[in-house]
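Quick note on labels: first sequence line is chain A, next is B, and so on, each numbered from 1.
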There are 2 protein chains.
Amino acid sequence: MTSKPSHGQWQQVEEDIAHDILTGRLSPKTQLPREADLMERFGVGRHTIRRAISRLQSRGLVQVEQGRGTFVRDGRLEYRLSERTRFSQNLLDQGREPFGQAIREEEIPASASVAEALRLPRGEPVYHIVRRGLADEEPINFSNAYYPVRRFPGFDKARRDGRSVSLILAEYGIPDYIRLRTDILVRMPTPEEARHLDLSLDKPVIVSKKVDVDMKGTPIAYSESVWPGERVQFSVDNTSQLLDVLARNSDF
Amino acid sequence: MTSKPSHGQWQQVEEDIAHDILTGRLSPKTQLPREADLMERFGVGRHTIRRAISRLQSRGLVQVEQGRGTFVRDGRLEYRLSERTRFSQNLLDQGREPFGQAIREEEIPASASVAEALRLPRGEPVYHIVRRGLADEEPINFSNAYYPVRRFPGFDKARRDGRSVSLILAEYGIPDYIRLRTDILVRMPTPEEARHLDLSLDKPVIVSKKVDVDMKGTPIAYSESVWPGERVQFSVDNTSQLLDVLARNSDF
DNA sequence: AGTGATTTGTTCGTATGTATG
DNA sequence: CCATACATACGAACAAATCAC
């Protein structure tokens, strides 16, 4: 039994190729080997290769052109913004290995902007947790997260022990939560951000500001993350809303 | 009757202040006049001022602090990404005057990426429409839009005549459409983009790639827009999904 | 303009493993 | 243990698009 959640061979093929693309071993615009060659390389049938490639295509990693070949599209890491966004799941979906590193933790009074986002009075104590996110050893974000101390006493310790946010929140009686709002903007990095992201100072970073709320609508977390602009891409997918509309229309 | 969609007095106040913030006449961190002064300036009651400011707060343009005052937050133009996103409405909501300028129009065979987004065969003719978007005379985006010729013959001419996209689509029997997907990424501008956005070459731009589909799910438009990174901010608001959840929970 | 080589797209058939009841 | 359903995987043949000559 391996540690990876791979069942079929096609998933293994998908992960292998995705990994090569996302780590840059296969660069954009280059052509993938022919199906026949991939069959040989992985020792599987054509169905298996085609299924893997079909998935890579739907993930936007490759572009298939009949009669020409299959080409690598863009190695940017894709970060989906839905109300159900979970950081590590987003990465696992892309066949990348997420890893979080604690950098600093402190208890501070809420600043004006944090207090507003969490709907707390100004100065109310919050845990300020600074972390760095890695995917396959490569730094991809640097985040400042804030949690209300009064509601989650001891949160910092639980986090330090390595448990995931979802898990810890569950222990405080929050089985589920949703992403209420995400703001995205661009600016130049601070020296500290550039250092942690292994980025040069003249490369722009994307800033995402997010508020999570529990199922009653009460804010439980606010965070500002900084991402290397050249290595990520955000996407908003409204497919589920479209499906709702289609289902509704078919009633008539 | 004015050309602006303002109904109540509070909307007028909101628009006026929002306009000052978004055009930079009021810069971030500066303090707004006291409610009493605003009442005098606009010749309205306190209720009206408070309602306008409450809206500005929920839009993230100002930050209200009890006992201290109201402060301008960030002058970035906010562009909301929902399945119902409409360009000019987005701007009108913020009290800005949208204006579109045609730059180039041509009929070309679909490139690989355009064909994929519109789910057309490669080489299928599409209208390629290049435009520049302005808000209050200030350039805020530069877009390349693509529409299938076969489905919308004469679209380019209708657009040239100045009609809005929604209106033209309605004439082709598409009363409504939704935004299927939006991708957001950052890169440096091309010289042409920098020129049209009145931006220097070392300032990053945000690129948004969008696919609109009709109510049957068929793609009808694809566009790639470039925005000056320092002047805009994108936001994803899941409030409506939260309301759905709250309503569902209250059933029990 | 045409032909053949290359590459992906589609469809048929068959076999095996796994979960369900 | 058996029947059923489903996912997975291999093989093969032909269709369609692209490209080089």
- Task: Any chance you could measure A:His47, atom NE2, to A:Ser54, atom OG, to the nearest 0.5 Å?
- Result: 12.5 Å
- For A:Gly45, answer base if it contacts any base atom (sugar-phosphate contacts may also be present), sugar-phosphate if it contacts only those atoms, and nothing otherwise; contact means non-hydrogen atoms under 4.0 Å. sugar-phosphate
- Note on the structure: The residue, A:His47 or A:Ile53, whose nearest nucleotide of DNA chain C is more 5′ is A:Ile53
Take atom [atom1] of [X] and atom [atom2] of [N], then tell me their distance rounded to the nearest Å.
X: A:Arg34; N: C:dA5; atom1: CZ; atom2: C1'; result: 11 Å
X: A:Ile49; N: D:dG11; atom1: CD1; atom2: P; result: 12 Å
X: A:Glu40; N: D:dC10; atom1: CD; atom2: C1'; result: 16 Å
X: A:Glu14; N: D:dA9; atom1: CD; atom2: P; result: 12 Å
X: A:Gln66; N: C:dT6; atom1: CD; atom2: P; result: 17 Å
X: A:Arg46; N: C:dT11; atom1: CZ; atom2: C1'; result: 11 Å
X: A:Leu32; N: C:dT6; atom1: CG; atom2: C1'; result: 16 Å
X: A:Arg50; N: D:dA15; atom1: CZ; atom2: C1'; result: 12 Å

Every protein N/O lying under 3.5 Å from an N/O of nucleotides 5-7 of chain D:
none

- Task: Kindly indicate whether the side chain of A:Gln9 and the base of D:dA9 share any N or O donor-acceptor pair separated by less than 3.5 Å?
- Result: no
- Message: Can you see whether A:Thr48 engages A:Gln9 through a side-chain donor-acceptor pair at a distance of less than 3.5 angstrom?
- Response: no
Going by the angle between their ring planes, with limits at 30° and 60°, are [X] and [Y] parallel, tilted or perpendicular?
X: A:Trp227; Y: A:Phe234; result: perpendicular
X: A:His196; Y: A:Phe142; result: parallel
X: A:Tyr147; Y: A:Phe152; result: perpendicular

- Is a donor on one side and an acceptor on the other found under 3.5 Å between the side chain of A:Gln31 and the backbone of A:Arg68? yes
- Item | Listed once per pair and sorted, the salt bridge (charged side-chain N to carboxylate O under 4.0 Å, His left out) pairs that draw on residues 203-213 of chain B, sequence neighbours left out | B:Arg179-B:Asp212, B:Lys203-B:Glu230
- Message: Does C:dT8 have its OP1 or OP2 closer than 4.0 Å to a side-chain nitrogen or oxygen of A:Thr70?
- Response: yes
- Please state whether the phosphate of D:dA17, meaning OP1 or OP2, lies under 4.0 angstrom from any side-chain nitrogen or oxygen of A:Arg68. no
